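Data first, discussion second: the structure below is written as structure tokens.
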Amino acid sequence: MSQLDRYYNYIDGTWKGADNWLMVADPATDEPYAEIAEAGIEDADAAMAAARRCVASGELTSVRPAQRVTWLLAIAEEIRALTEDAARVLCHENGKSLDVARGEFEEAARYFEYYAGMADKIEGTSIPLGDDYIDFTSYEPLGVSVQIVPWNFPPSICARSLAPALAAGNAVVIKSPEISPLAMTFLMTACERAGLPQGAVNLLCGKGSVIGAHLVKHRDANQIVFTGSVPTGQRILRDAAERATPSVMELGGKSAAIVHADADIEQVIDSVKTGIFFNAGQVCSAMSRLLVHRSRLDEVVERVRELAEGLSIGPGIDNPELTPLVSRDQLEQVEAMCRRAIEAGATCLTGGERVAGVKGYFMQPTLFTDVAVDSEIFQEEVFGPVQVIHPFDSEDEAVELANGTAFGLVAGVFDGQLDRALRTARRLRGGQVFINEWFAGGVETPFGGVGLSGFGREKGQEALYSYVQTRNIAVRLKGA
Ligand code: NAD
């Protein structure tokens, strides 16, 4: 008999176990931490049917929008009440620091508050066609939104899509990641306590290639919101094409910060610390490339090396500056990519391998210079605490280097000259550009990619319109 805590799927307002249970390890110790019911195809079908019934009942969709405001605000309050317990679970299952885990639930609560503020303001327009007609548009919910979540920020990414979907009146079926699925269940508890209609929200944990693929191809799926890697996103797009299901794709990145000659180096260093070492670099919008004007290169390299070598490393529960990677697989992939970079001729200034002599999945903070711009380490996402530092001589060259990958998620500019910073920012490829602070912005600011980083926008007012479809009604007036 297993002694581990057990977590359940949430289907049609009920917590459900399974024949198979997936073990979740603690990345800080490599020990089993808990287990979660592995959903099967019949669970996925039950969740989709429940969501469809909820849509058909009109309980979520046809109510006065003020009711949805009330539900969303109640969910935010319940999330806050659950945060301390939920953050500890997230910290143990994911490796991230306790403070980051707490922040993630605070952000999740903010998404519900933010979209609560919009739920009763989804207003259409009236279109003048002369006295013989009345014409108006309305924004209608899509129906059932299938949302597939990655492991790096499960509760906050889940809330990022769930809150606007509910605000717009959609029922939702969520697929949690196989790695780090536990803390997301607390969001379901919050929804349950807030009194959402039965079937409005469903959560399944299961294999992506089985449950995820089944949901994507399901005839009742009216939308797919995917956050994850490029290959999975491409696969999902091919599957979604079968039914022409509308999709939002939030994929990976290889984002660059440009440090101009007049940059404030303290601002740069503060931003590097969060930009590449926050959540152990397992961030889609990580600052994985630092492009530095040649006149400041030596100084920046020295300061970043000092920063990397001085970071405290340890289990997330102790709130260190650098936490373990999420899994052994992830650690092996990051280490292998560093090895290939060295074989390809890059100079490894510091790090480059796992932390020796510990049981958890700890990767050393790693910096590369002398990197060829067409090499893997310059072009591809690492998803770990690994940064490339590269010089440039002119603004044009910096822009070309920053834009010179297949991705386009975010970018950054550091400069004391605001006019040059803005000019550079306008030329950068990506959905969001930060000036003088990496990760500036919040739940209020639209976020999303171009190129291989995906399409569609999450966060901000704009994201709400990813969860509705426009209907136009044109009326010919009799005897006008
Ligand atoms: P992943 O693509 O391996 O998995 C993401 C999710 O997709 C998981 O829930 C997985 O089970 C599911 N999945 C796998 N195969 C599937 C299939 N055939 N059909 C349907 N679902 C399937 O990604 P990951 O390793 O969990 O996450 C890391 C990646 O996510 C990185 O590339 C990162 O950049 C990206 N990411 C992007 C954003 C963003 O907002 N742009 C945010 C976080 C992470």
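Counting starts at 1 for both ligands and their atoms, in listed order. Being a predicted model, the structure only gives us computed values, none of them experimental.
Counting only heavy atoms of the protein, atom 38 (C) of ligand 1 lies nearest to Cys284 SG, 3.0 Å. When only non-hydrogen protein atoms are considered, atom 28 (C) of ligand 1 lies nearest to Phe383 CE2, 3.6 Å. Of the protein's heavy atoms, Trp151 NE1, 2.9 Å lies nearest to atom 25 (O) of ligand 1. In terms of protein heavy atoms, atom 41 (N) of ligand 1 is closest to Leu251 O, 2.7 Å. Ranking the protein heavy atoms by distance from atom 20 (C) of ligand 1 puts Gly212 C, 3.2 Å first.
Under the 30°/60° scheme for interplanar angles, the aromatic rings of Trp15 and Tyr10 are found to be tilted.
Only the side chain of Asn152 comes within 4.0 Å of ligand 1, judged by heavy-atom distances. Under 4.0 angstrom from ligand 1, the non-hydrogen atoms of Ile236 all belong to its side chain. Contacts between Glu458 and ligand 1 below 4.0 angstrom, taking non-hydrogen atoms only, are absent altogether. Within the 4.0 Å heavy-atom criterion, neither part of Phe153 lies near ligand 1. Contacts between Gln282 and ligand 1 below 4.0 angstrom, taking non-hydrogen atoms only, are absent altogether.
With hydrogens and angles ignored, the 3.5 Å screen pairs no side-chain donor or acceptor of Ser453 with any backbone N or O of Gly451. A donor-acceptor contact shorter than 3.5 Å is absent between the side chain of Asn20 and the backbone of Ala37. With Asn222 contributing its side chain and Val144 its backbone, the two residues share a donor-acceptor pair below 3.5 Å. Although no hydrogens or angles enter the test, the distance criterion places no donor-acceptor pair under 3.5 Å between the side chain of Ser145 and the main chain of Val172. Put simply, the side chain of Asn279 gets close to the backbone of Asn152: a donor and an acceptor are under 3.5 Å apart. Without hydrogens or angle criteria, Asp26 side chain to Ala28 main chain gives a donor-acceptor distance under 3.5 Å. A distance-only check finds no donor-acceptor pair linking the side chain of Thr366 to the backbone of Gly351 [under 3.5 Å].
Each of the atoms 5 (C), 37 (C), 38 (C), 39 (C), 40 (O), 42 (C), 43 (C) of ligand 1 lies under 4.0 Å from some heavy atom of Thr227. Ligand-side atoms of ligand 1 in range of Ile157: 42 (C), 43 (C), range being under 4.0 angstrom from any heavy atom. Listed by number with element, the atoms of ligand 1 under 4.0 angstrom from any heavy atom of Pro150 are 26 (O), 27 (O), 43 (C), 44 (C). Heavy-atom contacts of Thr232 reach the following atoms of ligand 1: 1 (P), 2 (O), 3 (O), 7 (O), 13 (N), 14 (C), 15 (N), 16 (C), 22 (C) (cutoff under 4.0 Å). Under a 4.0 Å criterion applied to the non-hydrogen atoms of Val149, ligand 1 contributes the atoms 6 (C), 8 (C), 9 (O). Atoms of ligand 1 found under 4.0 Å from any heavy atom of Ile148 (numbered from 1 in listed order, with element): 6 (C), 7 (O), 9 (O), 12 (C), 20 (C), 21 (N). Close approach of ligand 1 to Glu178 is summarised as follows: ligand atoms under 4.0 Å from at least one heavy atom of the residue are 10 (C), 11 (O).
Cation-pi geometry between Arg457 and Phe447 is not met at under 6.0 angstrom from the ring centre and within 45 degrees of the axis.
Proximity of Arg160 to ligand 1 is established by a heavy-atom distance of less than 4.0 Å. Between Gly454 and ligand 1 there is no heavy-atom distance shorter than 4.0 Å.
More than 12 heavy atoms of other residues, nucleotides or ligands lie within 6.0 Å of CD in Gln469, so this atom counts as buried by the packing criterion. Around CZ of Arg80, the count of heavy atoms belonging to other residues, nucleotides or ligands within 6.0 Å exceeds 12.
Here the two rings, on Trp21 and Tyr8, have centers that are under 6.0 Å apart. A centroid separation of less than 6.0 Å is found between the aromatic rings of Phe383 and Trp151.
Closest heavy-atom approach to atom 31 (C) of ligand 1 within the set Glu381, Lys175, Gln333: this belongs to Glu381. Considering each of Ala213, Ser229, Gly253, the one bringing a non-hydrogen atom nearest atom 2 (O) of ligand 1 is Ser229. Considering each of Ser161, Gly228, Gly206, Gly208, the one bringing a non-hydrogen atom nearest atom 13 (N) of ligand 1 is Gly208.
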